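Letters A, B, ... mirror the listed sequences (proteins, then strands); counts begin at 1. Every value quoted in this text rests on a predicted model; they were computed, and no experiment measured them.
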There are 2 protein chains.
Amino acid sequence: MAIGRSTQSTSQTPEPGAARRPSRARGIPEATVARLPLYLRALTALSERSVPTVSSEELATAAGVNSAKLRKDFSYLGSYGTRGVGYDVEYLVYQISRELGLTQDWPVVIVGIGNLGHALANYGGFASRGFRVAALLDADPTVVGNSAAGLPVRHMDELEAIVESQHVSIGVITTPPGAAQQVCDRLVDAGVTSILNFAPTVLTVPDGVDVRKVDLSIELQILAFHEQRKAGEESGHNDSVLDRAPGPVRAAAAKLRRAAGAAKAEPVKGKPAKGTEGELSAVMPA
Amino acid sequence: MAIGRSTQSTSQTPEPGAARRPSRARGIPEATVARLPLYLRALTALSERSVPTVSSEELATAAGVNSAKLRKDFSYLGSYGTRGVGYDVEYLVYQISRELGLTQDWPVVIVGIGNLGHALANYGGFASRGFRVAALLDADPTVVGNSAAGLPVRHMDELEAIVESQHVSIGVITTPPGAAQQVCDRLVDAGVTSILNFAPTVLTVPDGVDVRKVDLSIELQILAFHEQRKAGEESGHNDSVLDRAPGPVRAAAAKLRRAAGAAKAEPVKGKPAKGTEGELSAVMPA
DNA sequence: TAGATTGTTAATCGATTAACAATC
DNA sequence: TAGATTGTTAATCGATTAACAATC
């Protein structure tokens, strides 16, 4: 990996990059930052019901966390509660919004207007949180000119001009995986410093650029892992006996496997893995 | 929260629920499980290029992690490498696939066929990893009967029959937020034990049911937080002086705010938060 | 044998949690 | 004042990382 460049985090794991650099902005831990939107959503719902105050216990339940964690999280923001009373809903909405930077306008561009790009363009959560779709972009001439969510799809060639004129700092990549790094490079060169990547591609970006990744396939695979375990508790596992054996036996087995041929070593049980034939295709077609 | 029920994790944070129960299945930490799909993807790419072996350093770079973490992760699976040589690509693909449960077929149902449901139905990453779309379901009569990704959209009424006859254990929710819990309950009652939730709703499920959440809005908000900090390092922050003051002063300020009126406490600087007027609308319309 | 690379150890770090003093 | 609830402390837990002995 080249110096001065870092690869992105996945959204599943407490990203290594963020943990290393002093990204605990103003001392707020990453784990806390990731929960602030949850609290904000719960508080907004309370606000709409005109609930004036809420206790840490109530709010924690609504947000799906425990109250100790919530109070700890809020302690990083300041002392915004009142002992014996709870938190003022409106005031807390404001404070968290401000902390997250949602009191300002964030123009974003979406690159790659297939099914997923369309879905995102129409996503209500964008507009309602200060995010504004500045432009939809695609490289495909048959897509350019179409309308999505009331906006025209514009050609990639306009990217740089749009980013500059509208001061876009956030880009969303919904291209096929093969185009993602190239699009990312162009976004970064144009001045974008935060990227939300839906393509199943590891992006390399310069220091100072944040990347977050959303990967549908990974989420499903994690579910499958746990699902398999549930099933395994009832019936027997279908693992190879050798693979489950103590260290020395396993090592010997590995040796045998390798001796059988390097380039196309056969799995011990001869059961080929599914899905190895092709890498994930595009997040959305064209 | 009712006993025997738990709320879901978000995919952003190491979920509290999973950490509490002995979900370290067979001793594999959650953080490691979440990275296995990344390794698998990188290995699959190497496999397609017919690369026979790979070192932890090379594979780690391809997957976007560091090599110490990768070796530690693999150590939970067993000793599948060869000192001085590296890992056999094909064999590791098989082992990780098996560990994740991808050597078997996973029928899934997608409920809510709007833009996002469409995008997921067409998502190539489903089929290529052992996930098979068993059915697309929607409650809207004007959507039922349409075709998406070569499959007919069927009515919600058929949910139970489909889940049972096709042994569906994984459900994907892409409905508007208001319908999500209800759909979740039906899925669980029908026998689904893993749910991937795209609706911005905290789902409550019985013990034994896994929920993972993908939330586009939350990802963007986290990016905005970091983006704001970058900008703040150059110009001055627009924080209230009182809010940045030491504890006692802040406490006094909070007291003043509350005294000003409970139900509609005015933010100190009188700058109302954007986006508080309405909760996030549907993930996709209708 | 010499070089390369794994698998593991131990130290460090960050996140979670329970408990309770502070205080409304 | 008595009850309620916050904000903080300290203990615990899990994840990361560097380093290196084992060993191919």
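- With DNA chain D read from its 5' end, the first of the two nearest nucleotides for B:G84 and A:R71 is the one closest to A:R71.
- Phosphate contact (OP1/OP2 of C:dG7, side-chain N/O of B:Y87, threshold under 4.0 Å): present.
- Rounded to an integer number of Å, the gap from B:L70 CG to D:dT16 P is 12 Å.
- Neither OP1 nor OP2 of D:dT16 sits under 4.0 Å from any side-chain N or O of B:N66.
- With rounding to whole Å, A:E30 atom CD is found 8 Å from C:dA15 atom P.
- The B:A31 side chain lies nearest to D:dT16 when the options are C:dT17, D:dG7, D:dT16.
- A:L77 has its CG atom 10 Å from the P atom of D:dG7, to the nearest Å.
- Both B:S55 and B:K72 lie near DNA chain C, and the one whose nearest nucleotide falls closer to the 5' end is B:S55.
- Nearest nucleotide to the B:A68 side chain, out of C:dT17, D:dA18, D:dA15: D:dA18.
- Rounded to whole Å, atom C1' of D:dT6 lies 15 Å from atom CG of A:D88.
- Atom CD of A:E57 is separated from atom P of D:dG7 by 15 Å (rounded to the nearest Å).
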Item to check | From CA spacing to verdict: side chain to side chain contact (heavy atoms under 4.5 Å, CB included), A:R41, B:S217 | outcome: CA-CA 10 Å; A:R41 176 169 290 151; B:S217 168; 3.8 Å; yes
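- If you measure from atom NZ of B:K69 to atom P of C:dT6, you get 17 Å, rounded to the nearest angstrom.
- Atoms CG and CD, from B:L36 and A:Q221 in turn, are 9.0 Å apart once rounded to the nearest 0.5 Å.
- One finds a side-chain N or O of B:S56 lying less than 4.0 angstrom from the OP1 or OP2 phosphate oxygen of C:dT6.
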Item to check | Stepwise side chain to side chain contact (heavy atoms under 4.5 Å, CB included) check, A:E219 with A:D215 | outcome: CA-CA 7 Å; A:E219 296 300 323; A:D215 194 314; over 6 Å; no
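- A side-chain N or O of A:R71 and one of A:S56 form a donor-acceptor pair less than 3.5 Å apart.
- Residues A:F74 and A:Y80 keep their aromatic ring centres 6.0 Å or farther apart.
- When rounded to the nearest whole Å, the span between CD of B:E58 and C1' of C:dT5 equals 11 Å.
- One donor-acceptor pair, N or O on each side, does fall under 3.5 Å between the base of D:dT6 and the side chain of A:R83.
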Item to check | Derivation and outcome, side chain to side chain donor-acceptor pair (under 3.5 Å), residues A:Q181 and A:T201 | outcome: CA-CA 8 Å; A:Q181 181 63 59; A:T201 307; over 6 Å; no
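- Secondary structure note: stems in DNA chain C built from 3 or more consecutive Watson-Crick or G-U wobble pairs under 3.5 Å occupy C:3-24 with D:3-24.
- Put simply, CZ on A:F74 is 19 Å from P on D:dT9, counting in whole angstrom units.
- Side-chain atoms of A:E90 and A:Y94 include no donor-acceptor pair closer than 3.5 Å.
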